[in-house]
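Inspection log for the structure reproduced underneath, given as structure tokens.
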Amino acid sequence: MDIPVIETERLRLRGISAEDLDDFAEMNASPDFAKYFGTGKPLSRWESWNVLTMLAGHWMVRQFGFWFVEEKETRRFVGRVGIWYPDGWPGIEIGWGISPKFWGKGYATEAARASRDWAFETLDLDDLISVIHPENEASKRVAMRIGESFRETLTVNGKRSDIYSMSRS
Ligand SMILES: CC(C)(COP(=O)(O)OP(=O)(O)OC[C@H]1O[C@@H](n2cnc3c(N)ncnc32)[C@H](O)[C@@H]1OP(=O)(O)O)[C@@H](O)C(=O)NCCC(=O)NCCS
């Protein structure tokens, strides 16, 4: 399927391709990046390939998913931001992951706002959630800046997680 392209002031949210693997694997291999989700450990290139193809496949089975994000000016790969709903999840999630070399520029917030707007305009949703490691303060800042607030703490996929959420209204 065609993954929609969204442009913000500095970023382009676009589809996923096999040519992104080098950049995607470099991001996932960073211990700083991996610290607060999944196993908490950096991914091998093979694991990154599996995640890349899973994220692409998510669009096929749900008609929404993560975009890969690039800087408009340089076309450099910045990270992945979008909407997903894995089996057993407590709700439809808006999520973000930015390569450490681009942290602190407001890119996660900029891309997440665009994803949020696309989701509420395109999907029949009442609310969105974010599943956040209790110590991931940077991620909580992004959640709050895009309009989410703390809802509850739940065990998600075997891990205690803080759930942030926002409603369409
Ligand atoms: C969370 C993440 C996406 C933020 O990316 P980013 O592009 O740097 O985010 P932004 O610049 O838009 O905003 C980051 C906010 O967190 C704040 N912040 C950054 N590090 C922080 C820390 N250690 N403690 C508290 N706040 C922190 C920044 O000051 C900023 O808030 P502010 O603008 O209100 O000052 C990035 O750190 C990341 O990819 N981390 C690894 C993957 C991850 O944990 N993803 C989230 C899974 S739930």
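Computed from a predicted model, the values in this text were never measured in an experiment. Read the numbers this way: they start at 1 and go in the same order the structure lists the ligands and their atoms.
- The only member of Trp89, Tyr85, Trp67, Phe64 that meets ring-ring contact (aromatic ring centres under 6.0 Å, His included) when paired with His58 is Phe64.
- In this structure, the side chain to side chain contact (heavy atoms under 4.5 Å, CB included) partners of Phe102, at least two apart in sequence or on a different chain, are Glu71, Arg76, Val78, Ile98, Ser99, Lys105, Tyr107.
- When the side chains of ILVMFWY residues are joined at heavy-atom separations under 4.5 Å, either directly or via intervening members, Phe120 and Ile129 end up in a single hydrophobic cluster.
- The salt bridge (charged side-chain N to carboxylate O under 4.0 Å, His left out) pairs that include a residue from residues 109-125 are Arg10-Glu110, where partners are two or more places apart or lie in different chains.
- Aromatic ring centres of Trp84 and Phe66: separated by under 6.0 Å.
- Not counting sequence neighbours, the partners of Ser30 by the side chain to side chain contact (heavy atoms under 4.5 Å, CB included) test are Asp32, Phe33, Pro100.
- Every protein residue with a heavy atom nearer than 4.0 Å to ligand 1 is included here: Phe33, Phe37, Trp96, Gly97, Ile98, Trp103, Gly104, Lys105, Gly106, Tyr107, Ala108, Thr109, Val131, Asn136, Glu137, Ala138, Ser139, Arg141, Val142, Arg145.
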